[in-house]
**Q** 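What follows is a single structure, and I will ask about it in a moment.
These numbers come from a predicted model, not from an experiment.
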Amino acid sequence: MPVLTDAESETGIPKSLSNEPPSETMEEIEHTCPQPRLTLTAPAPFADESSCQCQAPHEKLTIAQARLGTPVDRPVRVYADGIFDLFHSGHARALMQAKTLFPNSYLLVGVCSDDLTHKFKGFTVMNEAERYEALRHCRYVDEVIRDAPWTLTPEFLEKHKIDFVAHDDIPYSSAGSDDVYKHIKEAGMFVPTQRTEGISTSDIITRIVRDYDVYARRNLQRGYTAKELNVSFINEKKYRFQNQVDKMKEKVKNVEERSKEFVNRVEEKSHDLIQKWEEKSREFIGNFLELFGPDGAWKQMFQERSSRMLQALSPKQSPVSSPTRSRSPSRSPSPTFSWLPIKSSPPSSPKAASASISSMSEGDEDEK
């Protein structure tokens with residue numbers, strides 16, 4: 001911890017951020033602090049490009065006051081720092097929480113340099129320039145501070161007019177300290193956020209290390225050289241052979257899927273054909289029964305035609321008695337004959353009907 005000066009309080013926080021009321025002359029100065037971003041058409045600026053040049057005093061606020069929306073003449077300046085390697089959703093959610101702590105917040109994000117990170121934490125996947133740019137394109141960030149300090153000093157807090165520091169509440173032991181945010185918590189400037197479980201930079205790196213062979217084979221297939229991947233000659237040949245095997249498996253899998261699709265289509269079509277055949281067969285059987293069934297139209301038509309044919313073939317019955325003809329004076333009387341009714345049954349067949357007709361004709365000839 002640096003040596004305190006007269007301008008600092010006992011906690012190491014500048015007096016301008018302590019409970020000491022500002023002088024009357026300073027209260028008349030209007031705040032000119034940068035306002036939060038309203039449009040997201042450009043990345044967030046760097047702190048050295050748009051630093052806070054406000055000369056008005058930043059009176060110390062309590063968390064309760066800040067949550068009520070005070071002060072009304074300037075935003076509450078919230079600071080969040082980190083390494084932000086392999087920027088992921090856990091980082092974004094933490095910054096979202098820091099941004100929405102108070103009704104009117106201006107979020108400053110500090111990103112440590114490569115030298116400082118490699119010294120106190122370890123090697124990073126992304127270099128500092130890539131990590132700076134990742135933060136600039138997060139919607140919750142209003143300003144990015146490059147080469148941020150590992151431990152927050154009073155000078156740094158005073159320079160950037162920081163009101164509160166947002167970070168998860170787990171003690172962060174580093175640089176010979178049990179908790180690098182201990183003095184911030186004692187000054188009442190610390191606001192905790194919640195970590196997102198199941199996602200972190202270490203988790204992502206663990207996945208890559210665990211599936212190293214898969215990613216090495218994928219990058220070799222995409223055109224990266226074995227030298228770029230730091231892969232030995234033997235492993236390179238092994239990975240390329242495995243890639244060929246995977247391609248063959250993929251082809252076989254595609255053929256199987258296509259054959260299954262073809263079989264399914266044939267089954268669907270056969271099912272439709274069988275269903276249509278059943279419907280047509282029912283319709284055909286119904287029409288056949290309507291036409292040739294016991295009460296079908298064909299039977300009625302046959303009966304009508306048979307009755308008409310029998311009526312045409314059967315002789316007409318004569319009357320029982322005929323009226324007596326009157327005698328003519330010029331002619332001699334002729335004997336009268338009385339015709340007896342002859343009961344005849346309808347012929348059972350056309351041959352019988354023709355026989356009856358022939359017998360009747362013979363009888364007529366005999367009478368003549």
Side-chain angles (χ1 to χ4, degrees), residues 40 42-48 80-96 109-141 144-150 167-168 170 172-175 180 193 195-260:
L40 302 177
F46 290 115
D48 51 3
D81 59 356
I83 309 303
F84 301 105
D85 190 21
L86 297 175
F87 189 80
H88 51 74
S89 61
H91 294 142
R93 288 178 65 86
L95 296 177
M96 178 188 68
V109 180
V111 184
C112 300
S113 64
D114 287 344
D115 294 338
L116 201 60
T117 304
H118 298 167
K119 179 181 178 181
F120 291 108
K121 190 170 183 178
F123 190 74
T124 58
V125 178
M126 301 169 64
N127 58 44
E128 59 184 39
E130 294 169 340
R131 292 185 283 116
Y132 296 154
E133 284 299 318
L135 267 298
R136 292 186 68 195
H137 290 83
C138 179
R139 62 181 298 180
Y140 309 114
V141 179
V144 176
I145 301 175
R146 292 180 284 193
D147 194 11
W150 197 261
H167 199 273
D168 60 81
I170 301 173
Y172 193 81
S173 59
S174 181
V180 295
T193 58
R195 292 179 64 88
T196 302
E197 297 297 333
I199 182 67
S200 67
T201 303
S202 300
D203 294 336
I204 296 174
I205 294 175
T206 301
R207 298 177 200 172
I208 297 173
V209 173
R210 181 188 60 198
D211 300 326
Y212 170 77
D213 291 345
V214 176
Y215 296 119
R217 288 164 50 192
R218 183 189 68 174
N219 285 0
L220 282 173
Q221 192 174 3
R222 291 184 176 182
Y224 289 87
T225 63
K227 185 177 180 181
E228 290 174 333
L229 297 174
N230 195 23
V231 173
S232 64
F233 177 80
I234 296 176
N235 286 336
E236 178 189 3
K237 298 303 179 184
K238 181 183 72 174
Y239 293 151
R240 293 191 183 281
F241 176 74
Q242 290 175 346
N243 288 335
Q244 294 296 328
V245 172
D246 290 344
K247 287 182 181 179
M248 293 299 298
K249 289 181 179 179
E250 189 68 22
K251 289 182 180 179
V252 172
K253 184 178 179 180
N254 292 335
V255 171
E256 289 179 354
E257 291 178 354
R258 291 178 183 177
S259 61
K260 288 180 180 179

**Q** Hey, are the side chains of Arg146 and Val111 touching, using non-hydrogen atoms and a 4.5 Å cut-off?
**A**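 No. Closest side-chain heavy atoms not under 4.5 Å.
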
**Q** Describe, in one word, how the ring planes of His91 and His88 are oriented to each other, choosing from parallel (under 30°), tilted (30 to 60°) and perpendicular (over 60°).
**A**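 His91 vs His88 ring planes: parallel.
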
**Q** Could you check whether atom CD1 of Ile234 has more than 12 heavy atoms from other residues, nucleotides or ligands sitting under 6.0 Å from it?
**A**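 Incorrect, the count does not exceed 12.
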
**Q** Looking at residues at least two apart in the chain, or sitting in another chain, which of them share a side-chain hydrogen bond (donor to acceptor under 3.5 Å, both in side chains) with Asp203?
**A**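 For Asp203, the residues satisfying side-chain hydrogen bond (donor to acceptor under 3.5 Å, both in side chains) (neighbours in sequence not counted) are Ser200.
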
**Q** Among all residues two or more places apart in sequence or in another chain, which pass the side-chain contact (heavy atoms from CB on, under 4.5 Å) test with Phe233?
**A**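 Applying side-chain contact (heavy atoms from CB on, under 4.5 Å) to Phe233 gives Glu236, Lys237.
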
**Q** Mind checking what makes ring-ring contact (aromatic ring centres under 6.0 Å, His included) contact with His137, not counting sequence neighbours?
**A**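 ring-ring contact (aromatic ring centres under 6.0 Å, His included) list for His137, sorted by chain: empty.
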
**Q** Near Phe241 CZ, under 6.0 Å, is it more than 12 heavy atoms from other residues, nucleotides or ligands?
**A**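 No, CZ of Phe241 has 12 or fewer neighbouring heavy atoms, counting only those of other groups under 6.0 Å.
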
**Q** Tyr239: which residues meet the ring-ring contact (aromatic ring centres under 6.0 Å, His included) condition with it, sequence neighbours left out?
**A**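 Tyr239: no ring-ring contact (aromatic ring centres under 6.0 Å, His included) contacts found.
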
**Q** Got a second to check how far Asn243's CG is from Leu220's CG, nearest 0.5 Å?
**A**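 Reported value, rounded in 0.5 Å steps: 7.0 Å.
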
**Q** Is it the case that the side chain of Arg131 and the backbone of Cys112 share a donor-acceptor pair, with hydrogens and angles ignored and the cut-off at 3.5 Å?
**A**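 Answer holds: yes.
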
**Q** Please list, chain by chain and in numerical order, all residues satisfying side-chain contact (heavy atoms from CB on, under 4.5 Å) with Arg218, sequence neighbours excluded.
**A**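 With neighbours one apart ignored, the set is Tyr215, Arg222.
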
**Q** Check whether any side-chain heavy atom of Lys249 sits under 4.5 Å from a side-chain heavy atom of Val252, and report yes or no.
**A**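 A side-chain contact under 4.5 Å is absent here.
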
**Q** List for me each residue that meets salt bridge (Lys or Arg N to Asp or Glu O under 4.0 Å) alongside Glu133, sequence neighbours excluded, and say none if there are none.
**A**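 Testing Glu133 for salt bridge (Lys or Arg N to Asp or Glu O under 4.0 Å), a comparison that skips the adjacent residues, returns Arg136.
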
**Q** Please enumerate all residues that pass salt bridge (Lys or Arg N to Asp or Glu O under 4.0 Å) together with Asp211, with sequence neighbours excluded.
**A**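 So Asp211 forms no salt bridge (Lys or Arg N to Asp or Glu O under 4.0 Å) with any residue.
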
**Q** Should Ile83 and Thr201 count as side-chain neighbours, where that means a heavy-atom distance under 4.5 Å?
**A**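 Heavy-atom side-chain distance check fails, nothing below 4.5 Å.
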
**Q** For Thr117, enumerate each residue passing the side-chain hydrogen bond (donor to acceptor under 3.5 Å, both in side chains) test, keeping only those at least two apart in sequence or located in another chain.
**A**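 If we apply the side-chain hydrogen bond (donor to acceptor under 3.5 Å, both in side chains) test to Thr117, skipping adjacent residues, there are no hits.
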
**Q** Mind checking side-chain hydrogen bond (donor to acceptor under 3.5 Å, both in side chains) for Glu128 and listing every partner two or more places apart, or none if nothing turns up?
**A**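 Once residues adjacent in sequence are excluded, Glu128 has no partner under the side-chain hydrogen bond (donor to acceptor under 3.5 Å, both in side chains) criterion.
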
**Q** Quick check: closest heavy atoms across Met126 and Phe87, and the distance to 0.1 Å?
**A**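 Looks like SD-N, 4.1 Å.
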
**Q** If we ignore hydrogens and angles and just use 3.5 Å, is the side chain of Tyr132 paired with the main-chain N or O of Asp147 as donor and acceptor?
**A**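 Pair found, side chain donor or acceptor close to backbone of Asp147.
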
**Q** Quick one, Glu257 and Lys253 - any side-chain contact, counting heavy atoms below 4.5 Å?
**A**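 They are in side-chain contact.
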
**Q** Within the structure provided, determine whether Leu95 and Phe84 are in side-chain contact (heavy-atom separation under 4.5 Å).
**A**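 Heavy-atom side-chain distance check passes, below 4.5 Å.
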
**Q** Please name all residues satisfying side-chain contact (heavy atoms from CB on, under 4.5 Å) with Ser89, sequence neighbours left out, ordered by chain then number.
**A**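 In terms of side-chain contact (heavy atoms from CB on, under 4.5 Å), with neighbours along the sequence ignored, Ser89 is linked to Ile199.
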
**Q** Any idea how Trp150 and Tyr172 line up, ring-wise: parallel (<30°), tilted (30 to 60°), or perpendicular (>60°)?
**A**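 Trp150 and Tyr172: tilted rings.
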
**Q** From Asn127 CG over to Glu130 CD, what is the distance, rounded to the nearest 0.5 angstrom?
**A**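 One gets 4.0 Å once the value is rounded to the nearest 0.5 Å.
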
**Q** Can you sort out the partners of Ser232 under side-chain hydrogen bond (donor to acceptor under 3.5 Å, both in side chains), two or more places apart, ordered by chain and number?
**A**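 Expected list: Asn235.
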
**Q** Near Asn254 CG, under 6.0 Å, is it more than 12 heavy atoms from other residues, nucleotides or ligands?
**A**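 For Asn254, atom CG is crowded (more than 12 foreign heavy atoms under 6.0 Å).
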
**Q** Tell me, please, which residues at least two apart from Val125 pass side-chain contact (heavy atoms from CB on, under 4.5 Å).
**A**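 Partners of Val125 under the side-chain contact (heavy atoms from CB on, under 4.5 Å) test: Asp85, Leu86, Ile205.
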
